[in-house]
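These notes are about the structure you will find just below.
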Protein chains: 2
Amino acid sequence: MRPAELIRYSVLAAQREGNRWLSRALRELELTPSASEVLRILGDDGPLTLSGVGELLVCESGTNPSRLVDRLVDAGLVARVPAPHDRRQVQLSLTAEGRAVEAQVREVEATLYSRIDAALEGVDAGSVIELLRRLSDGQPSGHALANRVGVERSIP
Amino acid sequence: MRPAELIRYSVLAAQREGNRWLSRALRELELTPSASEVLRILGDDGPLTLSGVGELLVCESGTNPSRLVDRLVDAGLVARVPAPHDRRQVQLSLTAEGRAVEAQVREVEATLYSRIDAALEGVDAGSVIELLRRLSDGQPSGHALANRVGVERSIP
DNA sequence: AATCATTTAATGACATGACATGTATATCAC
DNA sequence: GTGATATACATGTCATGTCATTAAATGATT
């Protein structure tokens, strides 16, 4: 198997298993991994419009997180209010309950990141990050990721 | 953003964009990425039972590719015959048309791997492979990947 | 041989993801 | 100001991906 093919399937396998781990860890919070990403985005950078969330979502190509947000509104974790100056837009923000759940999501993520840190032992993280960045560069997910990093840096 | 978080989202973004690229490339063959993986597995190692395919599939946790295979049978690319000695099992193999399509899948994959090779310029592929391997080690996708590499090596 | 456990596959249920289309609103060209 | 265009969001459709359950067939135990 050529290295490129091994990397292709390794990326797929790592994503699948990371998602499965996160799904199980979030089950007690009654959240899916995608839903948790929306909560964390709104917690860090909200309030945002629907497309504003879409531009920061890595888990979806950003075209339309309407239904993803629907379930969070139904669950009482996100408030959706029409924007006053532009009635096409909706403003999304966390409710009080949403903020509480988002804090729990942070704890779950901290555990995940510790596991990834452990897996990083003895490997060149820079090579990993650079290769993966190139693989999504210029594409919607790559833009979302760049926006996420950029937004974080822009908050002093 | 800590390195672990960046890696988490980079893996997700790379998988998403790789899948999107492959989806578009396979569209003219009327195949999805998952369907193409089944064809390639059967082409390399078939005939196999349904669970035999599941143990080699990275794209799904192997619990049950029934419906994935259904569509390939409907499309006339895969033959499904009951196993004579154990009527619980089904034997899956490529039809003549399936073999022809699988050859085209190989060409699409060759293009994908060239793109990955280009992205590997100047990065330590060993670090990438080792980290990603650790992230799926011991899990279904990791087993499937190990089986894929192992099966390949076991064919002299 | 009868019963129970295990294995294999199919199916139900739910939430994505990706792409396409529809609809209301806002903006631009003139 | 009016028509055309663009934007923001919602929705339809299809194929996953995951977990659970069911059904059939086989194997193990007694």
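Each chain gets a letter, A, B and so on, in the order its sequence line appears, and its residues count up from 1.
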request  = By nearest nucleotide on DNA chain D, pick out whichever of Asn19(B) and Pro84(B) is the more 5' one.
outcome  = Asn19(B)

query = Taking NZ, NE, NH1 and NH2 as the nitrogens, is one of them in Glu102(B) or Arg99(B) under 4.0 Å from a carboxylate oxygen of the other?
reply = no

task = For a side chain to side chain contact (heavy atoms under 4.5 Å, CB included) with Leu92(B), tell me which candidate from Leu48(B), Leu42(B), Leu72(B) qualifies.
result = Leu42(B)

message = Using the side-chain heavy atoms of Leu50(A), tell me which of these nucleotides is nearest: dA10(D), dG17(C), dA26(C).
response = dA10(D)

query = For Glu30(B) and dC14(D), what is the distance between atoms CD and P respectively, to the nearest whole Å?
reply = 14 Å

ask   = So, Tyr113(A) and Arg2(B): side-chain donor and acceptor under 3.5 Å apart, yes or no?
value = no

query = Taking NZ, NE, NH1 and NH2 as the nitrogens, is one of them in Arg40(A) or Asp45(A) under 4.0 Å from a carboxylate oxygen of the other?
reply = no

ask   = Choosing from dA10(D), dC19(D), dA18(C), which nucleotide comes nearest the side chain of Asn64(A)?
value = dA10(D)

key: dG17(C) base / Arg67(A) side chain donor-acceptor hit below 3.5 Å   = no

message = Less than 3.5 Å apart, any donor N or O on the side chain of Thr49(A) or Gln89(A) sitting next to an acceptor on the other?
response = no

query = Picking from dG17(C), dT16(C), dA15(D), which would you name as closest to the side chain of Arg71(B)?
reply = dA15(D)

inquiry  = Can you see if the side chain of Thr32(B) gets near the phosphate of dT16(D) - specifically, an N or O under 4.0 Å from OP1 or OP2?
reply    = yes

request  = Grab the CG-P distance between Asp74(B) and dA10(C) for me, whole Å please.
outcome  = 12 Å

ask   = Between Glu121(A) and Arg134(B), is a salt bridge (Lys or Arg N to Asp or Glu O under 4.0 Å) present by the stated rule, with each step listed?
value = CA-CA 10 Å; Glu121(A) 176 75 24; Arg134(B) 289 178 188 171; over 6 Å; no

Of the listed nucleotides dA20(D), dA25(D), dT11(C), the one nearest the side chain of Arg87(B) = dA25(D)

First encountered from the 5' end of DNA chain D, between Ser66(A) and Ser23(A) = Ser66(A)

query = Is there a residue in residues 75-83 of chain A whose heavy atoms reach under 4.0 Å of DNA chain D, and which residues are they?
reply = Arg80(A)

task = Mind calculating the distance between CG (Leu26(A)) and P (dC19(D)) to the nearest angstrom?
result = 13 Å

inquiry  = With a 3.5 Å cut-off and heavy atoms only, can you find an N or O donor on one side and an acceptor on the other between the side chain of Arg88(B) and the base of dG27(D)?
reply    = no

request  = Select from Gln91(B) and His85(A) the residue whose nearest nucleotide in DNA chain C is closer to the 5' end of that strand.
outcome  = Gln91(B)

Nearest-angstrom distance from the residue atom CD of Gln15(B) to P of dT16(C) = 16 Å

query = Between dC9(D), dT11(C), dA20(D), which one does the side chain of Arg27(A) approach most closely?
reply = dA20(D)

inquiry  = I'd like to know if the side chain of Arg148(A) pairs up with that of Tyr9(B) as donor and acceptor (distance under 3.5 Å, no hydrogens or angles considered).
reply    = yes

ask   = Starting at CD of Gln89(B) and ending at C1' of dG27(D), how long is that distance when rounded to a whole Å?
value = 13 Å

query = Of the nucleotides dT16(D), dC19(C), dA26(C), which one has an atom closest to the side chain of Asp86(A)?
reply = dA26(C)

note = Between Leu77(B) and the options Leu29(B), Leu39(B), Val69(B), the side chain to side chain contact (heavy atoms under 4.5 Å, CB included) test singles out Leu39(B)

query = So which nucleotide from dA18(C), dC9(D), dT18(D) ends up closest to the side chain of Arg20(B)?
reply = dA18(C)

request  = In whole angstrom, give the distance that lies between atom CG of Leu68(B) and atom P of dT16(D).
outcome  = 5 Å

note = In whole angstroms, the gap separating C1' of dT16(D) from CG of Leu72(B) amounts to 13 Å

query = Under 4.0 Å between a side-chain N or O of Ser34(B) and OP1 or OP2 of dG17(D)?
reply = yes

ask   = Rounded to the nearest Å, what distance is computed from the CZ atom of residue Arg24(A) to the P atom of nucleotide dA20(D)?
value = 10 Å

